[in-house]
Amino acid sequence: MDEAATPGAPSDEGLMLRYAAGEIAAFETLYRRYRRLLLGYLVRQVRDRERGEELYQEVWARIIRAREAYRETASFRTWLFTIAHNLVKDDYRSQGRRAELVSLDADAVAEPEESPDVAPEGILPEHQRAQQLLAGIARLPFAQRDVMLLRLEAGLGMGEIVAVTGDDPEAVKSRLRYAVQKLRQEVQDDD
(Lines give C-alpha, C1' and ligand atoms only; values in the text may rest on other atoms or scores of the structure.)
Protein backbone atom coordinates (compact mmCIF):
# COMPACT_ATOMS: atom_id res chain seq x y z
CA MET A 1 0.00 0.00 0.00
CA ASP A 2 1.20 3.51 -0.66
CA GLU A 3 0.62 4.73 2.87
CA ALA A 4 1.18 1.55 4.78
CA ALA A 5 -0.91 1.09 7.85
CA THR A 6 1.35 1.37 10.86
CA PRO A 7 0.77 -0.61 14.02
CA GLY A 8 -2.15 0.95 15.81
CA ALA A 9 -3.38 2.71 12.67
CA PRO A 10 -7.01 2.18 11.72
CA SER A 11 -7.78 -0.79 9.52
CA ASP A 12 -9.01 -0.31 5.98
CA GLU A 13 -12.41 -1.61 7.04
CA GLY A 14 -12.51 0.79 9.97
CA LEU A 15 -11.59 3.67 7.68
CA MET A 16 -14.32 2.71 5.24
CA LEU A 17 -16.88 2.57 8.05
CA ARG A 18 -15.73 6.01 9.22
CA TYR A 19 -16.03 7.30 5.66
CA ALA A 20 -19.52 5.82 5.42
CA ALA A 21 -20.35 7.83 8.53
CA GLY A 22 -19.17 11.00 6.77
CA GLU A 23 -15.48 11.33 7.67
CA ILE A 24 -13.80 12.50 4.45
CA ALA A 25 -10.28 12.18 5.92
CA ALA A 26 -10.84 8.42 6.24
CA PHE A 27 -11.54 8.21 2.50
CA GLU A 28 -8.40 10.24 1.74
CA THR A 29 -6.32 7.80 3.77
CA LEU A 30 -7.75 4.82 1.88
CA TYR A 31 -7.16 6.60 -1.42
CA ARG A 32 -3.49 7.21 -0.55
CA ARG A 33 -3.00 3.66 0.73
CA TYR A 34 -4.19 2.08 -2.49
CA ARG A 35 -3.21 4.60 -5.16
CA ARG A 36 -0.11 2.85 -6.47
CA LEU A 37 -1.41 -0.70 -6.13
CA LEU A 38 -4.78 -0.10 -7.73
CA LEU A 39 -3.53 2.14 -10.53
CA GLY A 40 -0.68 -0.27 -11.29
CA TYR A 41 -3.10 -3.20 -11.52
CA LEU A 42 -5.47 -1.35 -13.83
CA VAL A 43 -2.83 0.12 -16.16
CA ARG A 44 -1.05 -3.21 -16.53
CA GLN A 45 -4.33 -5.04 -17.03
CA VAL A 46 -5.68 -2.80 -19.81
CA ARG A 47 -2.20 -1.99 -21.13
CA ASP A 48 -3.06 1.67 -21.61
CA ARG A 49 -2.14 4.37 -19.08
CA GLU A 50 -4.98 6.74 -19.98
CA ARG A 51 -7.63 4.02 -19.92
CA GLY A 52 -6.21 2.62 -16.68
CA GLU A 53 -6.50 6.05 -15.08
CA GLU A 54 -10.11 6.34 -16.26
CA LEU A 55 -10.94 2.97 -14.72
CA TYR A 56 -9.08 3.98 -11.57
CA GLN A 57 -11.34 7.01 -11.18
CA GLU A 58 -14.40 4.86 -11.85
CA VAL A 59 -13.39 2.42 -9.09
CA TRP A 60 -13.22 5.27 -6.58
CA ALA A 61 -16.47 6.73 -7.90
CA ARG A 62 -18.14 3.39 -7.20
CA ILE A 63 -16.63 3.29 -3.71
CA ILE A 64 -18.03 6.76 -3.07
CA ARG A 65 -21.50 5.80 -4.35
CA ALA A 66 -21.53 2.61 -2.28
CA ARG A 67 -20.18 4.09 0.95
CA GLU A 68 -23.48 4.23 2.80
CA ALA A 69 -24.25 0.62 1.94
CA TYR A 70 -20.77 -0.64 2.88
CA ARG A 71 -20.76 -3.52 5.37
CA GLU A 72 -17.65 -5.16 6.75
CA THR A 73 -18.39 -8.58 5.23
CA ALA A 74 -15.06 -8.94 3.42
CA SER A 75 -11.74 -7.15 3.55
CA PHE A 76 -11.75 -3.70 2.03
CA ARG A 77 -8.84 -4.67 -0.23
CA THR A 78 -10.75 -7.65 -1.61
CA TRP A 79 -13.82 -5.47 -2.19
CA LEU A 80 -11.75 -2.76 -3.88
CA PHE A 81 -10.02 -5.18 -6.26
CA THR A 82 -13.29 -6.98 -6.99
CA ILE A 83 -14.69 -3.68 -8.24
CA ALA A 84 -11.52 -3.09 -10.29
CA HIS A 85 -11.52 -6.64 -11.69
CA ASN A 86 -15.15 -6.35 -12.76
CA LEU A 87 -14.52 -2.98 -14.41
CA VAL A 88 -11.61 -4.45 -16.37
CA LYS A 89 -13.79 -7.34 -17.55
CA ASP A 90 -16.56 -4.91 -18.54
CA ASP A 91 -13.99 -2.79 -20.38
CA TYR A 92 -12.78 -5.80 -22.37
CA ARG A 93 -16.36 -6.72 -23.27
CA SER A 94 -17.29 -3.19 -24.31
CA GLN A 95 -14.27 -3.01 -26.61
CA GLY A 96 -15.14 -6.28 -28.32
CA ARG A 97 -12.18 -8.09 -26.81
CA ARG A 98 -14.22 -11.08 -25.62
CA ALA A 99 -11.85 -13.59 -27.21
CA GLU A 100 -8.97 -12.27 -25.14
CA LEU A 101 -11.14 -12.08 -22.02
CA VAL A 102 -12.09 -15.74 -22.18
CA SER A 103 -8.65 -16.97 -23.15
CA LEU A 104 -8.90 -20.05 -20.97
CA ASP A 105 -6.51 -22.17 -22.96
CA ALA A 106 -5.67 -25.73 -22.02
CA ASP A 107 -3.03 -24.45 -19.61
CA ALA A 108 -5.57 -22.49 -17.61
CA VAL A 109 -7.75 -25.51 -16.91
CA ALA A 110 -5.07 -28.15 -16.47
CA GLU A 111 -4.81 -30.12 -13.28
CA PRO A 112 -3.26 -27.85 -10.63
CA GLU A 113 -0.23 -28.71 -8.55
CA GLU A 114 0.81 -27.16 -5.27
CA SER A 115 0.36 -23.45 -4.82
CA PRO A 116 2.80 -21.77 -7.23
CA ASP A 117 5.73 -19.64 -6.12
CA VAL A 118 4.79 -16.25 -7.51
CA ALA A 119 7.07 -14.02 -5.51
CA PRO A 120 8.79 -11.58 -7.87
CA GLU A 121 12.20 -12.67 -6.66
CA GLY A 122 11.30 -16.25 -7.58
CA ILE A 123 10.72 -15.22 -11.17
CA LEU A 124 13.30 -12.52 -11.75
CA PRO A 125 15.84 -12.21 -8.97
CA GLU A 126 17.70 -9.24 -10.49
CA HIS A 127 16.30 -5.73 -10.34
CA GLN A 128 17.42 -4.89 -13.88
CA ARG A 129 15.05 -7.57 -15.19
CA ALA A 130 11.92 -5.81 -13.95
CA GLN A 131 11.05 -4.46 -17.40
CA GLN A 132 11.38 -7.96 -18.81
CA LEU A 133 8.92 -9.22 -16.22
CA LEU A 134 6.42 -6.46 -16.98
CA ALA A 135 6.65 -7.12 -20.71
CA GLY A 136 6.13 -10.84 -20.10
CA ILE A 137 3.11 -10.21 -17.91
CA ALA A 138 1.60 -7.96 -20.61
CA ARG A 139 1.83 -10.87 -23.09
CA LEU A 140 0.02 -13.37 -20.86
CA PRO A 141 -3.55 -14.36 -21.74
CA PHE A 142 -6.12 -12.31 -19.81
CA ALA A 143 -6.98 -14.94 -17.20
CA GLN A 144 -3.33 -15.60 -16.35
CA ARG A 145 -2.38 -11.91 -16.43
CA ASP A 146 -5.30 -11.10 -14.16
CA VAL A 147 -4.37 -13.51 -11.39
CA MET A 148 -0.67 -12.68 -11.73
CA LEU A 149 -1.33 -8.95 -11.36
CA LEU A 150 -3.70 -9.51 -8.45
CA ARG A 151 -0.92 -11.50 -6.77
CA LEU A 152 2.10 -9.35 -7.62
CA GLU A 153 0.67 -5.87 -8.11
CA ALA A 154 -2.15 -5.93 -5.56
CA GLY A 155 -0.44 -8.31 -3.15
CA LEU A 156 -3.53 -10.47 -2.75
CA GLY A 157 -3.34 -13.98 -1.36
CA MET A 158 -4.91 -17.01 -3.02
CA GLY A 159 -8.16 -16.75 -1.05
CA GLU A 160 -8.50 -13.07 -1.89
CA ILE A 161 -7.85 -13.72 -5.60
CA VAL A 162 -10.53 -16.41 -5.59
CA ALA A 163 -12.94 -13.95 -3.95
CA VAL A 164 -12.08 -11.17 -6.41
CA THR A 165 -12.36 -13.27 -9.56
CA GLY A 166 -15.17 -15.55 -8.42
CA ASP A 167 -13.24 -18.45 -9.95
CA ASP A 168 -12.63 -21.92 -8.58
CA PRO A 169 -9.54 -22.06 -6.30
CA GLU A 170 -7.99 -24.81 -8.41
CA ALA A 171 -8.41 -22.75 -11.59
CA VAL A 172 -6.72 -19.77 -9.92
CA LYS A 173 -3.79 -21.94 -8.79
CA SER A 174 -3.48 -23.39 -12.26
CA ARG A 175 -3.50 -19.97 -13.93
CA LEU A 176 -0.85 -18.69 -11.55
CA ARG A 177 1.31 -21.75 -12.07
CA TYR A 178 1.15 -21.53 -15.84
CA ALA A 179 1.76 -17.78 -15.81
CA VAL A 180 4.86 -18.30 -13.69
CA GLN A 181 6.06 -21.07 -16.01
CA LYS A 182 5.60 -18.86 -19.07
CA LEU A 183 7.43 -15.96 -17.42
CA ARG A 184 10.31 -18.18 -16.33
CA GLN A 185 10.56 -19.63 -19.84
CA GLU A 186 10.74 -16.15 -21.34
CA VAL A 187 13.50 -15.19 -18.93
CA GLN A 188 15.47 -18.35 -19.74
CA ASP A 189 14.99 -17.79 -23.48
CA ASP A 190 16.41 -14.26 -23.16
CA ASP A 191 19.47 -15.38 -21.17
Side-chain angles (χ1 to χ4, degrees), residues 1-2 12 30-66 74-105 107-109 116 118-120 122-124 129-169 171-187:
M1 288 178 259
D2 286 8
D12 295 339
L30 286 169
Y31 188 89
R32 282 191 307 272
R33 279 186 185 176
Y34 285 96
R35 176 164 172 66
R36 185 186 54 79
L37 294 177
L38 180 60
L39 185 59
Y41 167 76
L42 291 166
V43 168
R44 290 193 203 335
Q45 193 54 297
V46 298
R47 296 177 278 191
D48 178 309
R49 177 99 185 151
E50 188 175 319
R51 185 65 188 136
E53 289 175 353
E54 290 170 4
L55 292 173
Y56 175 80
Q57 293 304 321
E58 180 58 27
V59 169
W60 288 109
R62 289 185 182 199
I63 297 286
I64 290 167
R65 287 192 300 267
S75 81
F76 174 80
R77 182 170 64 167
T78 300
W79 183 54
L80 177 74
F81 280 96
T82 299
I83 294 168
H85 169 81
N86 289 333
L87 279 172
V88 167
K89 285 175 64 174
D90 291 346
D91 189 63
Y92 271 71
R93 286 185 190 110
S94 71
Q95 293 183 18
R97 295 164 63 184
R98 287 182 190 271
E100 187 176 351
L101 181 63
V102 293
S103 59
L104 301 178
D105 55 21
D107 289 348
V109 293
V118 294
I123 299 168
L124 296 172
R129 295 174 136 180
Q131 292 302 347
Q132 188 179 13
L133 174 63
L134 294 175
I137 290 172
R139 287 188 293 272
L140 291 171
F142 175 84
Q144 291 175 9
R145 185 174 64 246
D146 189 38
V147 296
M148 181 60 76
L149 288 173
L150 288 168
R151 179 69 185 110
L152 295 178
E153 193 74 43
L156 301 181
M158 289 298 293
E160 292 172 307
I161 295 171
V162 167
V164 165
T165 63
D167 292 329
D168 178 83
V172 170
K173 286 180 190 176
S174 179
R175 290 176 190 146
L176 275 172
R177 185 180 77 247
Y178 282 102
V180 168
Q181 287 175 350
K182 286 178 183 180
L183 292 171
R184 283 188 176 140
Q185 184 62 47
E186 282 192 32
V187 170

Quiz item: Under 30°, 30 to 60°, or over 60°: which ring-plane class applies to F81 and Y34, parallel, tilted or perpendicular?
Solution: perpendicular
Quiz item: For the residue pair Y31 and W60, does the interplanar ring angle fall in the parallel (under 30°), tilted (30 to 60°) or perpendicular (over 60°) class?
Solution: tilted
[atom1]/[X] to [atom2]/[Y] distance, rounded to the nearest 0.5 angstrom?
| X | Y | atom1 | atom2 | value |
| --- | --- | --- | --- | --- |
| L133 | R184 | CG | CZ | 11.0 Å |
| L37 | L156 | CG | CG | 9.0 Å |
| L140 | L149 | CG | CG | 8.0 Å |
| D167 | S174 | CG | OG | 11.0 Å |
| R145 | M148 | CZ | CE | 12.0 Å |
| H85 | T78 | NE2 | OG1 | 12.5 Å |

Quiz item: Quick one: does NZ or CZ of R51 land under 6.0 Å from the six-membered ring centre of Y56, within 45 degrees of the ring axis?
Solution: no
Quiz item: Minimum heavy-atom separation for A84 to V59, with atom names?
Solution: CA-CG2, 3.8 Å
Practice problem: Over all heavy atoms of both residues, which pair between L42 and L55 is shortest? Give the atoms and the distance, please. | Solution: CD1-C, 3.9 Å
Indicate yes or no: at least one non-hydrogen side-chain atom of [X] is less than 4.5 angstrom from one of [Y].
| X | Y | answer |
| --- | --- | --- |
| V43 | D48 | no |
| M158 | P169 | no |
| L150 | T165 | yes |

Practice problem: Only counting residues at least two apart or in another chain, list the ones meeting side chain to side chain donor-acceptor pair (under 3.5 Å) with R49. | Solution: E53
Self-check item: Under the side-chain contact (heavy atoms from CB on, under 4.5 Å) test, residues paired with A135 that sit two or more places apart
Solution: R139
Say whether, by atom type as modelled, one donor and one acceptor occur between the side chain of [X] and the main chain of [Y] under 3.5 angstrom.
| X | Y | answer |
| --- | --- | --- |
| R44 | I137 | no |
| Q144 | P141 | no |
| R175 | V147 | no |
| D146 | F142 | no |

Exercise. Not counting sequence neighbours, which residues clear salt bridge (Lys or Arg N to Asp or Glu O under 4.0 Å) with R62? List them please.
Key: E58
Quiz item: Is it true that R33 and D12 make a salt bridge, defined as a side-chain N closer than 4.0 Å to a carboxylate O?
Solution: yes
